[in-house]
Amino acid sequence: MILIELNQLLKEIVNKVAAENNVKLDKKLLAQVEFEISSESARGDYATSCCLKLAKQFNKKPFEIAEVIVSNFNEKKIADIKIEGPGFINVFISAEAKSALLKDIIIQGDSWGLTKDFSGKILLEFVSSNPTGPLHVGHGRGAVLGMAIANLLENIGYEVTKEYYVNDAGRQISILTSSVLLNAYVKNFEPDGTYEGEYIKELGERFKSMFGELDEKIDFGPLDEDKDIRLDTISVYFKSKFSVAWQEAKKFSVSQILSLIKEDLHKFNIVHEHWFNESSLGTVEDNKSDLSKSLIAIKDGGYTYSKDGAEWFKTTEFGDDKDRVLLRENKEPTYYLTDVGYHKNKIDRNFDSYINIFGADHHGYIPRLTAAFDVMKKEHQNLEFLLYQLVNLYEDGFKKTMSTRRGEYFSLNDLRKDLGPDVIKFFFLEKKSDHPIDFDMDLAKDESKNNPYFYAQYAYVRCCSILAKSSFNPETDIDLKEIENCYEIISKAINYPLILKEYALERSPHSLVHFIKDFSATFHSFYEQNPVLTENKITSNSRLLITSITKLILKNSFRILNVKPLEKM
RNA sequence: GCGCCCGUAGCUCAGUUGGAUAGAGUGCCUGGCUUCGAACCAGGAUGUCGGGAGUUCGAGUCUUCCCGGGCGCACCA
């Protein structure tokens, strides 16, 4: 790639000039000696501000340093090199070099944009919604984000495993099971703190028709006024009195809701390679379980103490705002310990990096999970969190309330049925993840330029439409004048692998959405001003080359965002 | 009270390890279809980058203090 060659040359020259002037450059400064993609195409293809940065070490004016560097520059791919402003160096690549690069893009085809600069195994955990109900709109954002980030990382060489952590144990699942049993067998119960909604009623009915009546009458006895105590009493009652029904109902409910979730994800083409069950972490009594192994690891590190009968982890030593309980007074593990156990299991599976994608409301977990991870991890491993903010839906200019009545809400599936999966993905990915989304449902439905999703798709459709009539012929010559004229679109195409790498490292799929919008606009403009299919074979062929490359790049970008490109609209 | 995130054009948002005149879309004004799909294009107007102070050749970007908004602060999950 041409930028790499330029940078190498630049560094050589700077080193040489530095040696001549008896100037020593440290690594940090030398790393800043490089060209960047020019922010304004009229100024050149690539620019560097390194002379401004080097001025102090050289004790010279930036402009003077630039003059020396430029006088040493000798590269035939460069058409022009200029010093501008206080000492910026701007470089123009020759049309010949560009046309050679463009032909190379066609040869590389779908792999254009793919780089192998990085390697290593990454475990990416995302969604991990509790199997107590269907996915809501916010989970959808996490799901869409996870897929795009996985694709971006794979694109630069990482091996990514996508994982869903299933909370199939613990109190919430007990409440779910109670809720289903209550719906199935208890008439006129007062729902309070239990799970509600059509799906629970349906699960209750289906369970009853499958399992049959209970062999004894249900009698909870007197129930406490406190909601949590009451819920636990009900759970304990079912569990002990109707243990078979309890086990069956639990298994049934979790598996049914899980398949509901899987179906929702499937319709968005979101695929996790691995589903990890919390229940597989085992118990603290079993000293071979992940749960005990993690507890032992923290203890062996010397970070635990006993207080009030409970076992605590000194997470404050790792920047947490308070210490955390691992084992309760009654020797039951806390939810935190199961998370620690899960991370112990992850660590033992020997990945190089771990990325957890969480809703921003979970940001409080980061210090305590990082603490546990740092104690248990192997040397080369690291953990990273990506947070995403809420999604607010707007319809007819008004904020759409997510929950109308208790248990009933506008789910991700409802939204998909309204709009289709792809426009949702595009809108979810358009904003950076730490910014809340105001999702305009009317705009998402609009089929015009106002809707960036349609605007971008339309550019792709236009490419397909032209290429269906004729296609680029590598044997026919390229008109270099065309290459000069279509400056912007070509420079974007040539730098495509670089920007993909940057977006992957920044974990910013939103930048790719903005690239697609921008690239589409550039193509629409090109299309209006340059008829592709003309009498002149060489002109046509040059423009067909540009059209083919545009199609290729849009297709690949849509693929990374997990959005299906439309060949016809 | 403490912690995390956000604040950029009327609105929705970008802004590349600090770099050149702060950008898109939308909305508003003007023009363009006998022509590869006008679901489009060309042009015009639009800013106290929430506010103050600091760091330096240079700050929307870094530091700090305020203001405003969102979220989180369990032996719940």
Side-chain angles (χ1 to χ4, degrees), chain A residues 28 31-32 34 36-40 43 47-49 52-53 55-56 61-62 84-88 90 130 132 167 169-175 228 278 307-312 319-322 324-330 332-339 359-367 387-390 392 394 430-438 440 443 446-452 454-455 457-459 461-462 464-470 498-499 502-503 506 508 510-511 513-515 517-518 521 524-534 540 543-544 547 568-569:
Chain A
K28 209 175 158 188
Q32 297 190 348
E34 59 183 12
E36 291 171 2
I37 300 166
S38 195
S39 57
E40 214 169 307
R43 273 204 287 257
T48 179
S49 60
L52 284 77
K53 288 166 183 160
K56 204 175 256 177
K61 285 187 178 163
E84 275 163 316
F88 293 100
N90 292 317
N130 283 352
T132 52
N167 293 106
R171 185 161 178 264
Q172 293 307 315
I173 294 300
S174 294
I175 295 173
D228 287 317
E278 180 189 344
K307 195 181 88 182
D308 306 330
E311 195 72 16
W312 296 69
D320 200 359
D321 52 359
K322 54 188 80 165
R324 306 290 164 180
V325 172
L326 293 165
L327 270 183
R328 297 186 186 123
E329 202 177 345
N330 62 9
E332 286 286 314
T334 57
Y335 178 77
Y336 173 53
L337 178 56
T338 62
D339 258 348
D361 54 340
H362 286 60
H363 71 260
Y365 295 14
I366 295 176
L387 299 177
Y388 61 91
Q389 297 284 340
L390 289 179
N392 298 308
Y394 283 82
E430 189 187 8
K431 313 272 190 310
K432 58 183 170 191
S433 63
D434 50 11
H435 200 288
I437 292 179
D438 287 332
D440 185 341
L443 181 60
D446 189 12
E447 301 193 355
S448 78
K449 180 184 191 240
N450 300 7
N451 181 344
F454 273 88
Y455 181 76
Q457 290 283 16
Y458 186 42
V461 168
R462 278 180 152 176
C464 293
S465 178
I466 295 168
L467 292 168
K469 295 188 170 79
S470 183
L498 290 172
I499 64 123
E502 190 182 307
Y503 298 164
E506 288 172 351
S508 61
H510 78 277
S511 298
V513 177
H514 287 276
F515 170 82
K517 292 200 293 188
D518 182 61
H524 282 308
S525 176
F526 160 80
Y527 174 96
E528 294 284 347
Q529 287 162 56
N530 305 281
V532 176
L533 307 174
T534 65
S540 282
R543 293 176 182 174
L544 279 166
T547 308
K568 279 179 184 167
M569 283 166 59

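The sequence lines fix the lettering, A, B, ..., with proteins before strands; numbering per chain opens at 1. Only heavy atoms go into these numbers, but all of them, side chains included; no hydrogens, no water, no symmetry mates. Quick caveat, the model's predicted, so the values are computed rather than measured.
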Problem set entry | B/G37 phosphate, OP1 or OP2, under 4.0 Å from A/S465 side-chain N/O | yes
Exercise. Phosphate oxygens OP1/OP2 of B/A38: is one of them under 4.0 Å from a side-chain N or O of A/Y455?
Worked result: no
Whole Å only: how far is the [atom1] atom of [X] from the [atom2] atom of [N]?
| X | N | atom1 | atom2 | result |
| --- | --- | --- | --- | --- |
| A/E506 | B/G15 | CD | P | 8 Å |
| A/Q389 | B/G70 | CD | P | 12 Å |
| A/K431 | B/G7 | NZ | P | 13 Å |

Problem set entry | Minimum side-chain heavy-atom gap A/T534-A/R543 below 4.5 Å | yes
Exercise. Going from CD on A/E278 to CG on A/D339, what distance comes out if it is rounded to the nearest 0.5 angstrom?
Worked result: 8.0 Å
Seminar exercise, completed: Judged by nearest nucleotide, the residue sitting upstream toward the 5' end of RNA chain B, A/K469 or A/G309, is A/K469
Inter-nucleotide [atom1] distance ([N], [M]), Å rounded:
| N | M | atom1 | value |
| --- | --- | --- | --- |
| B/C41 | B/U16 | C1' | 29 Å |
| B/G44 | B/A24 | P | 11 Å |
| B/C67 | B/U12 | P | 24 Å |
| B/G31 | B/A38 | C1' | 14 Å |

If pairing requires Watson-Crick or G-U wobble contacts with both distances under 3.5 Å, which nucleotide is the partner of [N]?
| N | result |
| --- | --- |
| B/G23 | B/C13 |
| B/G7 | B/C67 |
| B/A74 | none |
| B/C62 | B/G54 |

Exercise. A/N90 near the nucleic acid: base, sugar-phosphate alone, or nothing, with a heavy-atom cut-off under 4.0 Å?
Worked result: base
Exercise. Heavy atoms under 4.0 Å, any strand shown: does A/D518 hit a base, just sugar-phosphate, or nothing?
Worked result: nothing
Exercise. Any donor-acceptor pair under 3.5 Å between the side chain of A/N450 and the base of B/A39?
Worked result: no
Could you run down the sub-3.5 Å N/O contacts of the protein with nucleotides 2-4 of chain B?
unit_1, atom_1, unit_2, atom_2, d
B/G3, N2, A/H363, NE2, 2.5

Exercise. Any ion pair linking A/K432 and A/E506 (charged N to carboxylate O, less than 4.0 Å)?
Worked result: no
Exercise. Hey, is A/Y458 doing a stacking thing with B/G37, by the 5.5 Å centroid and 30° angle criteria?
Worked result: no
